[in-house]
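All remarks here apply to the structure that follows.
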Amino acid sequence: MFEPYTLLGGFVFGTIGMGSFAYGKSLDRWKPKVLGILLMIYPYFITNRWAMWAVGVILCGTLWFHHDE
């Protein structure tokens, strides 16, 4: 659980999630808020580093393409 890439992934995606949640909250949009919450909490449930990075990249891609709809 305490591998360097796992900790780095949790920090990176958690920080992106916090920014996404703040962005969604300031503009009152539900998609960035939900994706931000997902980015902040999913590292607690996924322990495999490859799966963590894959899910994080997918969620960030979803955030990138669907943040303003």
Side-chain angles (χ1 to χ4, degrees):
M1 179 69 188
F2 294 111
E3 296 177 3
Y5 290 111
T6 306
L7 291 173
L8 179 66
F11 177 74
V12 168
F13 295 121
T15 304
I16 293 170
M18 194 180 325
S20 172
F21 182 77
Y23 171 77
K25 188 174 179 182
S26 68
L27 295 179
D28 196 29
R29 301 205 175 167
W30 68 273
K31 283 185 183 179
K33 282 194 271 189
V34 170
L35 288 171
I37 290 170
L38 288 174
L39 280 166
M40 287 188 283
I41 65 169
Y42 90 90
Y44 292 107
F45 300 107
I46 298 177
T47 57
N48 184 351
R49 69 177 169 193
W50 294 108
M52 180 188 298
W53 282 90
V55 170
V57 168
I58 289 169
L59 286 173
C60 285
T62 304
L63 178 65
W64 179 262
F65 289 111
H66 297 288
H67 70 281
D68 59 348
E69 292 180 2

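As the structure is a prediction and not an experimental result, all values here were calculated from the model.
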For this session: Can you measure from CG (Leu59) to CH2 (Trp64) and round to the nearest 0.5 angstrom?
Result: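 Going from CG on Leu59 over to CH2 on Trp64, the span is 16.0 Å.
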Problem set entry | Value rounded to 0.5 Å, distance of CZ in Phe45 from CE in Met52 |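 The CZ atom of Phe45 sits 11.5 Å away from the CE atom of Met52.
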List in chain and number order the residues that pass side-chain contact (heavy atoms from CB on, under 4.5 Å) with [X], two or more places apart in sequence or in another chain; answer none if no residue qualifies.
{"X": "Ala54", "value": "none"}
{"X": "Asp28", "value": "Lys33"}
{"X": "Val57", "value": "Phe13"}

Exercise. What residue pairs, at least two apart or across chains, pass salt bridge (Lys or Arg N to Asp or Glu O under 4.0 Å) with a residue in residues 36-56?
Worked result: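 Those involving residues 36-56 are Glu3-Arg49.
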Problem set entry | Residue pairs passing the salt bridge (Lys or Arg N to Asp or Glu O under 4.0 Å) test where at least one lies in residues 52-62, sequence neighbours excluded |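 The answer is none; no pair qualifies.
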For this session: Look at the side-chain heavy atoms of Ile, Leu, Val, Met, Phe, Trp and Tyr, link any pair under 4.5 Å apart, and say whether Leu35 and Trp30 land in one connected group.
Result: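 Hydrophobic grouping puts Leu35 with Trp30.
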For this session: Over all heavy atoms of both residues, which pair between Cys60 and Leu39 is shortest? Give the atoms and the distance, please.
Result: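 Of all heavy-atom pairs spanning Cys60 and Leu39, the closest is SG-CD2, 4.1 Å.
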Residues 14-22 side chain polar contacts: donor-acceptor under 3.5 Å, at least two apart:
| unit_1 | atom_1 | unit_2 | atom_2 | d |
| --- | --- | --- | --- | --- |
| Thr15 | OG1 | Phe11 | O | 2.7 |
| Ser20 | OG | Pro32 | O | 2.7 |

